[in-house]
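Below is one structure, written out as structure tokens; comments come after it.
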Amino acid sequence: MHRLLLLVLALIVLGIEILMGSRAFFPELFENRSSGVEDILADKENILKQLSPEDLAYVSKNPVVTVGVDPNFYPLEMFDERGRYTGLGGDYIKILSKMTGLTFKPIALDDWATTEGEANRGMIDMFMVAAKTGRRSEFMLFTAPFISMPGIIMTRRGSGLDNINVKDLAGKKVAVVDGYSWHDFLKEFHPEITAVPSRNTLEALQKVADGEVDAILDYEFNLLEKIQLGGVMQMQKAGTVDSSYGHAVAVAKNKPELYDAVSFAMDKITPREKELLAQKWLAMDKPAGQERQLQWIFFFVTQAVLLLLAVFSIYDNKVKKEVGRRLRQLAQNCQPEARSDL
């Protein structure tokens, strides 16, 4: 009976693990497409006939567009567990591809600063999700923003920096990701704050946790995901920061024909459709890092429990066999010896 119950429990746990693993590695199988990007794609038409002869000639001769990606900018853009470009930028790429006929090739480099450098050297044609800053405008052309969000200030718990704004950071060290728009924001508008560039968000968070800097400035969705992923739990939200930046599609300045085509297509996406796409990615219950951690914790706990139950079952079976053997031996020893008649 115990073995049967153990088998049933193991099958139930296995089914749950298969379901959770499928949701993690094949999320598209569980997407609700009734109000997602598929509905928007169905309403979009090819816009090539509406382009100028110059723009159409360029698009026809250059059908492949390289896209520089920040692989750690969840949920605006990232690569999933199977190496596919996804996030809000991934949805827009699908729409732009249908409307322009272009093939977009996302490229992931080591960090965002390297990606920007490659674009500045003419090796990358476009960014899908980038904020327009003065420095970037020197080598990129920007469409109208399709999403705008405030940034947040995070500090270490117990540091005394609570309920502050950007003016309260004057004379203090603030960690930012090298090349991110908040790095430009501090240099352009708040030179009184010492910006400390970091390679990525997790490294910047660790500097705050270790006391090397006073705070970090970034987007909330990005910070929360990295806090969960990296386990930097001693952080607190201390304030918000508004900026004039909004995320848009950016095209290399030496490719104005490509910019015209992409900008024209983006203008055909309605404000309501942009809102639906943003809500799809920003209204998630929990960030990807937290979800992956919970999945691995669940797998570890369930496997450990099953292992303990298996060990207990084996031990219990051996004990029962030993008890049975001894009982049989005792019964044999207690039997009266047979007497023979002489």
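Quick note: numbers below take in every heavy atom, side chains included, and nothing from hydrogens, waters or symmetry partners.
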- Task: Check the pair Phe127 / Val249 against side-chain contact (heavy atoms from CB on, under 4.5 Å), numbers first and verdict last.
- Result: CA-CA 6 Å; Phe127 299 146; Val249 178; over 6 Å; no
- Query: Is there a donor-acceptor pair closer than 3.5 Å between any side-chain N or O of Asn46 and the backbone N or O of Lys49?
  - Reply: no
- Are Leu96 and Met266 close enough that some pair of their side-chain heavy atoms sits under 4.5 Å apart? yes
- Query: Is any side-chain heavy atom of Val129 closer than 4.5 Å to a side-chain heavy atom of Asp70?
  - Reply: no
- Query: Does a donor on one side chain and an acceptor on the other come within less than 3.5 Å for Ser181 and Asp184?
  - Reply: no
- Output for pair (Glu38 CD, Asp91 CG), nearest 0.5 Å, gives 9.0 Å
- Hey, mind stepping through Glu192 and Lys172 against salt bridge (charged side-chain N to carboxylate O under 4.0 Å, His left out) and telling me if it holds? CA-CA 8 Å; Glu192 73 278 8; Lys172 299 188 181 299; over 6 Å; no
- Message: Would you call the rings of Trp182 and Phe185 parallel, tilted or perpendicular, taking 30° and 60° as the class edges?
- Response: perpendicular
Just list the side-chain donor-acceptor pairs under 3.5 Å for residues 231-238, sequence neighbours left out, or say none.
{"from": "Gln236", "atom 1": "NE2", "to": "Thr155", "atom 2": "OG1", "distance (Å)": "3.1"}
{"from": "Gln236", "atom 1": "NE2", "to": "Leu161", "atom 2": "O", "distance (Å)": "3.3"}
{"from": "Gln236", "atom 1": "NE2", "to": "Asp162", "atom 2": "OD1", "distance (Å)": "2.5"}

- Item | Side-chain touch Lys268/Met99, heavy atoms, less than 4.5 angstrom | yes
- Please name the residue in the list Phe104, Trp281, Phe146 that meets the ring pair (Phe, Tyr, Trp, His ring centres under 6.0 Å) test with Tyr92. Phe146
- Query: Can you check whether Thr100 reaches Ile47 side chain to side chain, under 4.5 Å on heavy atoms?
  - Reply: yes
- Message: Side chains of Ser137 and Lys132 only: does a donor on one sit below 3.5 Å from an acceptor on the other?
- Response: no
- Task: Looking only at non-hydrogen atoms, find the nearest pair between Asn72 and Lys226 and report the distance.
- Result: O-NZ, 2.8 Å
- Between Thr86 and Asp80, does any side-chain donor sit less than 3.5 Å from a side-chain acceptor? no
- In terms of heavy-atom contacts, does NZ of Lys98 have more than 12 from other residues, nucleotides or ligands at under 6.0 Å? yes
- Query: Which atom names give the shortest non-hydrogen contact between Ala131 and Arg136, and what distance separates them?
  - Reply: O-NH1, 2.8 Å
- Message: I need the Asp55 CG to Leu48 CG distance, nearest 0.5 Å.
- Response: 10.5 Å
- Could Arg135 and Glu116 be called an ion pair, given the rule that one side-chain N must be under 4.0 Å from one carboxylate O? yes
- Message: Pair Gln206, Glu212 - check side-chain contact (heavy atoms from CB on, under 4.5 Å), show working.
- Response: CA-CA 9 Å; Gln206 197 61 55; Glu212 297 180 28; over 6 Å; no
- Task: Would you mind checking if Lys61 and Glu257 are paired as a salt bridge, meaning a charged N to carboxylate O distance below 4.0 Å?
- Result: no
- side chain to side chain contact (heavy atoms under 4.5 Å, CB included) test vs Val174 passes for just one of Leu186, Val213, Val166, namely Leu186
- Item | Closest heavy-atom pair and its distance - Tyr219, Pro150 | CD2-O, 3.5 Å
- Query: Should Phe189 and Val176 be counted in the same cluster of Ile, Leu, Val, Met, Phe, Trp and Tyr side chains packed under 4.5 Å apart?
  - Reply: yes
- Donor-acceptor pair, side chain of Glu188 and main chain of Gly134, under 3.5 angstrom: yes
- Message: Using only atom types and a distance under 3.5 Å, with no angle test, would you say the side chain of Asp218 pairs donor to acceptor with the backbone of Leu223?
- Response: no
- Roughly how far apart are Leu277 CG and Lys94 NZ, rounded to 0.5 Å? 10.5 Å
- Message: Using 0.5 Å steps for rounding, measure from the CD1 atom of Ile227 to the CG atom of Asn222.
- Response: 10.0 Å
- Query: Is a donor on one side and an acceptor on the other found under 3.5 Å between the side chain of Glu273 and the backbone of Thr270?
  - Reply: yes
- Before giving the answer on ring-ring contact (aromatic ring centres under 6.0 Å, His included), spell out for Phe79 and Tyr74 the whole-Å C-alpha distance, their side-chain angles and the decisive distance to 0.1 Å. CA-CA 9 Å; Phe79 289 93; Tyr74 173 95; over 10 Å; no
- Message: Using the rule given for side-chain contact (heavy atoms from CB on, under 4.5 Å), can you reason through Val69 versus Ile107, listing the C-alpha separation, both sets of side-chain angles and the distance that settles it, and then say yes or no?
- Response: CA-CA 6 Å; Val69 175; Ile107 297 175; over 6 Å; no
- Audit row: Met140, Val251, side-chain contact (heavy atoms from CB on, under 4.5 Å) steps and yes/no: CA-CA 5 Å; Met140 303 295 285; Val251 179; 5.5 Å; no
- Does a donor on one side chain sit under 3.5 Å from an acceptor on the other, for Asp260 and Ser263? no
- Note on the structure: All heavy atoms of Thr201 vs all of Ile216, minimum pair found to be O-CD1, 4.2 Å
- In this structure, OH of Tyr259 is separated from CE of Met126 (nearest 0.5 Å) by 12.5 Å
- d(Ile269 CD1, Glu275 CD) to nearest 0.5 Å is 14.5 Å
- Query: Parallel, tilted or perpendicular: which fits the ring planes of Tyr180 and Trp112, with parallel below 30° and perpendicular above 60°?
  - Reply: perpendicular
- Task: Check whether any side-chain heavy atom of Leu102 lies under 4.5 Å from a side-chain heavy atom of Val64, and answer yes or no.
- Result: no
- Are any non-hydrogen side-chain atoms of Asp178 and His183 less than 4.5 angstrom apart? yes
- Are Val262 and Leu41 connected, step by step, through hydrophobic side chains (Ile, Leu, Val, Met, Phe, Trp, Tyr) whose heavy atoms are closer than 4.5 Å? yes
- Task: Give the minimum heavy-atom separation between Ala175 and Val208, together with the two atoms involved.
- Result: CB-CG2, 4.5 Å
- Item | Within-4.5 Å side-chain heavy-atom neighbours: Asn62 and Leu258 | no
- Query: Which heavy atom of Arg199 sits nearest a heavy atom of Asp110, and at what distance?
  - Reply: NH2-CB, 3.7 Å
- Task: State whether the number of non-hydrogen atoms from other residues, nucleotides or ligands found under 6.0 Å of Asn163 atom CG is greater than 12.
- Result: no
- Task: Output yes when a side-chain donor or acceptor of Asp210 lies under 3.5 Å from a complementary backbone atom of Lys207, and no otherwise.
- Result: no
- Task: Would you mind reporting whether Asp125 and Val67 have side-chain heavy atoms less than 4.5 Å apart?
- Result: no
